[in-house]
Amino acid sequence: MKKAIYPGSFDPVTYGHLDIIARSARVFDELIVSVLDNKAKHPLFSVDERVNILKELTREYRNIRVESYTGLLVDSCLMEGAHVIIRGLRAVTDFEYELQMAQTNRKLAGSQVDTMFLTTDLRYAYLSSSTVKEVASFGGDITGFVPPIVAELTYQKYGISKSAQTRK
Ligand code: PNS
């Protein structure tokens, strides 16, 4: 059984992440979407909120499970019996960080865990969770970046009412 982990912060999940999830779920028998529970970071959404949002958005997939993890990603991979880490590459600017992470994970886990990259769909190549948060925080329109439920919850976090979400 081919099992992979798609890890990330998902704060919040974007259409770019969801595209990688859909494509990975077609390749692997089981896909674990895993949210990093990093106490050192100050995310907009709690880890439980992010897990619940992802569960809701991946409800239709029978081969996707949503979890959270703390500590090293490779430990979580080994615990889950997943030998592949999926990461999305948007542009060459992602490459250096992703390469460093992949090499570090390979050093830590040896041949037990490999990283596989999917190139982000061009429609989402510019998109990041940070951009979504910045635009939302100023009341800008994020409806083209994230699903409606995520947009609503993100605006709520910034105390922005629906009627204020008209700026493009
Ligand atoms: O969505 P992100 O923030 O780009 O995801 C990064 C993430 C969560 C995959 C990465 O930071 C991670 O797995 N951290 C856990 C700690 C770890 O394993 N570090 C060693 C590899 S650099």
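Everything numeric in this text was worked out from a predicted model, so none of it was measured. One-based numbering, in listed order, for ligands and for the atoms of each.
- Contact annotation: for Y97 versus ligand 1, heavy atoms closer than 4.0 Å belong to the side chain alone.
- Between F117 and F95, the ring planes are tilted. Angles from 30° to 60° get that label.
- By the criterion of a heavy-atom distance under 4.0 Å, the side chain of N105, and not its backbone, is placed next to ligand 1.
- The 12-atom threshold is exceeded at CD of E60, counting heavy atoms of other residues, nucleotides or ligands nearer than 6.0 Å.
- Near L73, meaning under 4.0 Å from one of its heavy atoms, ligand 1 places the atoms 13 (O), 17 (C), 18 (O).
- For ligand 1, the atoms lying closer than 4.0 Å to a non-hydrogen atom of S9 are 1 (O), 2 (P), 3 (O), 5 (O).
- Counting atoms of ligand 1 from 1 in the listed order, those under 4.0 Å from a heavy atom of G8 are 1 (O), 5 (O).
- For Y69, a nitrogen or oxygen atom sits less than 3.5 Å from a nitrogen or oxygen atom of ligand 1, counting backbone and side chain alike.
- Taking a cut-off of under 4.0 Å to the non-hydrogen atoms of M101, the atoms of ligand 1 that pass are 10 (C), 21 (C), 22 (S).
- Taking a cut-off of under 4.0 Å to the non-hydrogen atoms of L36, the atoms of ligand 1 that pass are 8 (C), 14 (N), 15 (C).
- Atom NZ of K157 is surrounded by more than 12 heavy atoms from other residues, nucleotides or ligands within 6.0 Å.
- When heavy-atom distances to ligand 1 are checked against a 4.0 Å cut-off, Q100 has no atom that comes that close, whether in backbone or side chain.
- A salt bridge links D11 with K133: at least one charged nitrogen is closer than 4.0 Å to a carboxylate oxygen.
- A salt bridge does not link E30 to K2: none of the charged side-chain nitrogens sits closer than 4.0 Å to a carboxylate oxygen.
- A heavy-atom distance below 4.5 Å is found between the side chains of L153 and F45.
- Residue contacts with ligand 1: G71 is included, with a non-hydrogen atom under 4.0 Å away.
- Here the side chains of T115 and I86 are not in contact, with every heavy-atom distance at 4.5 Å or above.
- In this structure, a donor-acceptor pair under 3.5 Å is absent between the side chains of S46 and D48.
- Given atom 19 (N) of ligand 1, the protein heavy atom at minimum distance is L72 CD2, 3.9 Å.
- Of the protein's heavy atoms, R87 NH1, 3.4 Å lies nearest to atom 9 (C) of ligand 1.
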